[in-house]
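All remarks here apply to the structure that follows.
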Amino acid sequence: MQRVDAATIKRVRAQLVGDPDLSGRSLARRLSQQADSWFESLAADLPDGWSLMATGGYARGVLTPGSDIDVILLHPAKTTDARVREVAETLWYPLWDAGLKVSPAAHTNKSLLSLASDDLDTATSILSVRCLAGSPAPVAELNAGALEQWRKRPFVWLQRLLESGQQRWDKFGDVASLLEPDLKDGRGGLRDHDMIRWALRVDRPDVAAALEHPVEDLAGPAELLLAARCELHRATGRMVNTLLLQDQDRVAEAMG
């Protein structure tokens with residue numbers, strides 16, 4: 001397989017983002033699939049026992065035009081730092097050179113689970129992962145370990161989720177009532193939809209029963225917010241989440 005280069009990535013990405021027939025989840029899915037194809041090319045020669053995996057929203061197959069592309073390179077224990085850097089640079093630099101926001105990391109399964117054992121952002125990011133290239137076995141093992149750690153201390157994690165949410169709400173306010181809402185981090189935004197799904201992953205009936213309505217009822221509002229965020233990124237050409245008054249007409253027109 002021929003390795004993709006930065007110029008090609010930049011050109012085809014711009015074509016996809018500029019396609020007027022794509023919007024909302026259909027655009028987010030296509031952007032994710034496009035990134036998949038690039039990593040499949042760039043990681044075609046990964047050494048045995050290595051894996052490249054998607055985390056966060058990218059693991060769910062969703063990328064807005066301004067989203068970070070969150071990926072982790074899993075490598076065997078006792079691999080030298082120089083070797084990890086050598087392999088990693090062949091994966092990240094073509095996308096960085098094309099101007100994409102790749103947020104990468106490199107870990108062994110043990111080091112990643114150790115970090116996730118006490119770090120909320122890491123713990124939630126690996127509750128859903130997806131193998132992009134290399135061996136699928138380490139990715140499956142990592143995902144199983146992440147879920148086990150999450151479910152061993154449900155009340156610790158639920159408390160941290162609540163505290164994290166309250167900090168965001170105090171900072172960004174309420175999506176439904178603000179003239180210029182933060183579509184991602186405001187109260188009632190996309191991050192809260194994630195937070196509810198993470199809470200449900202503790203797999204406790206009492207947590208599920210605490211919801212006023214089935215979590216499926218949130219899918220429609222979340223789709224609307226996702227579509228608005230996609231069009232906001234398109235309209236501004238930047239990774240912004242606050243829907244400023246100056247951008248609202250363009251976003252509204254794009255959404256019909």
Side-chain angles (χ1 to χ4, degrees), residues 24-26 28-29 32 53-64 67-68 70-72 103 109 112-132 136-178 181-230 241:
R25 182 164 292 270
S26 62
R29 290 288 188 196
S32 177
M53 70 178 188
T55 69
Y58 182 32
R60 298 192 299 274
V62 175
L63 286 175
T64 65
S67 289
D68 285 357
D70 296 315
V71 286
I72 295 177
S103 295
N109 269 12
L112 184 53
L113 289 173
S114 177
L115 179 61
S117 68
D118 197 44
D119 181 78
L120 180 64
D121 289 342
T122 305
T124 53
S125 73
I126 59 174
L127 287 176
S128 296
V129 296
R130 182 165 57 89
C131 185
L132 299 171
V139 177
E141 179 184 341
L142 183 281
N143 190 217
L147 282 171
E148 181 181 3
Q149 287 189 166
W150 188 251
R151 291 169 178 170
K152 272 185 175 179
R153 304 162 64 209
F155 297 112
V156 171
W157 292 121
L158 290 172
Q159 182 63 33
R160 291 191 184 182
L161 281 175
L162 178 59
E163 291 169 355
S164 174
Q166 288 172 332
Q167 290 172 5
R168 283 191 293 102
W169 304 331
D170 289 344
K171 180 177 181 180
F172 296 105
D174 191 273
V175 170
S177 62
L178 290 176
D182 188 299
L183 303 174
K184 181 180 179 182
D185 289 317
R187 186 180 181 94
L190 288 165
R191 182 62 73 203
D192 281 356
H193 190 221
D194 291 336
M195 187 171 72
I196 291 170
R197 290 185 295 184
W198 293 331
L200 291 172
R201 296 302 295 275
V202 299
D203 198 28
R204 291 183 58 92
D206 52 338
V207 175
L211 293 177
E212 294 181 2
H213 301 283
V215 68
E216 291 78 14
D217 290 356
L218 299 175
E223 290 294 305
L224 180 63
L225 289 171
L226 175 64
R229 189 172 181 237
C230 282
N241 296 311

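Values in this document were obtained by computation on a predicted structure and should not be read as measured data. If you read the sequence from its start, that first residue is 1, and numbering goes on from there.
In this model, a donor atom of one side chain and an acceptor atom of the other lie less than 3.5 Å apart for Q159 and E163. Between the side chains of S114 and S117, no donor-acceptor pair is found at a separation under 3.5 Å. No donor-acceptor contact under 3.5 angstrom links the side chains of W150 and D203, judged on distance only.
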Next on the checklist: Working note: L225 + V175, criterion side chain to side chain contact (heavy atoms under 4.5 Å, CB included); need CA distance, chi angles, decisive distance, verdict.
Outcome noted: CA-CA 10 Å; L225 289 171; V175 170; 4.2 Å; yes

Next on the checklist: Please determine whether side chain to side chain contact (heavy atoms under 4.5 Å, CB included) holds for the pair W157 and K152, giving the CA-CA distance in whole Å, both sets of side-chain angles, and the decisive distance to 0.1 Å.
Outcome noted: CA-CA 10 Å; W157 292 121; K152 272 185 175 179; over 6 Å; no

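Taking all atoms of both residues into account, the shortest heavy-atom contact from D70 to Y58 is O-CD2, 3.6 Å. Nearest heavy-atom pair, A116 versus A123, reported as atom, atom and distance to 0.1 Å: O-CB, 3.4 Å. Of all the heavy atoms in L158 and V207, the pair that sits closest is CD1-CG2, 3.8 Å. The minimum heavy-atom distance linking R229 with N241 is given by the pair NE-OD1, 2.6 Å. Of all the heavy atoms in D68 and L63, the pair that sits closest is O-CD2, 3.7 Å. Heavy-atom minimum distance, S128 versus A59: O-CB, 3.3 Å.
We find that D118 and R160 are joined by a salt bridge, their nearest charged nitrogen and carboxylate oxygen being less than 4.0 Å apart. The residues D192 and R168 are annotated as salt-bridged, a charged nitrogen and a carboxylate oxygen being separated by less than 4.0 angstrom. Salt bridge present: R60 and D194 bring a charged side-chain N and a carboxylate O closer than 4.0 Å.
To the nearest 0.5 Å, atom CG of residue L112 and atom CD1 of residue I126 are 4.5 Å apart. Taking CG from D217 and CG from L211, the interatomic distance works out to 10.0 Å, rounded to the nearest 0.5 Å. Note that OG of S26 and CZ of R29 are 10.5 Å apart. Values are rounded to the nearest 0.5 Å.
No donor-acceptor pair closer than 3.5 Å links the side chain of E141 to the backbone N or O of N109. Remark: side-chain polar atoms of S164 are not paired, donor with acceptor, to backbone N or O of L161 under 3.5 angstrom.
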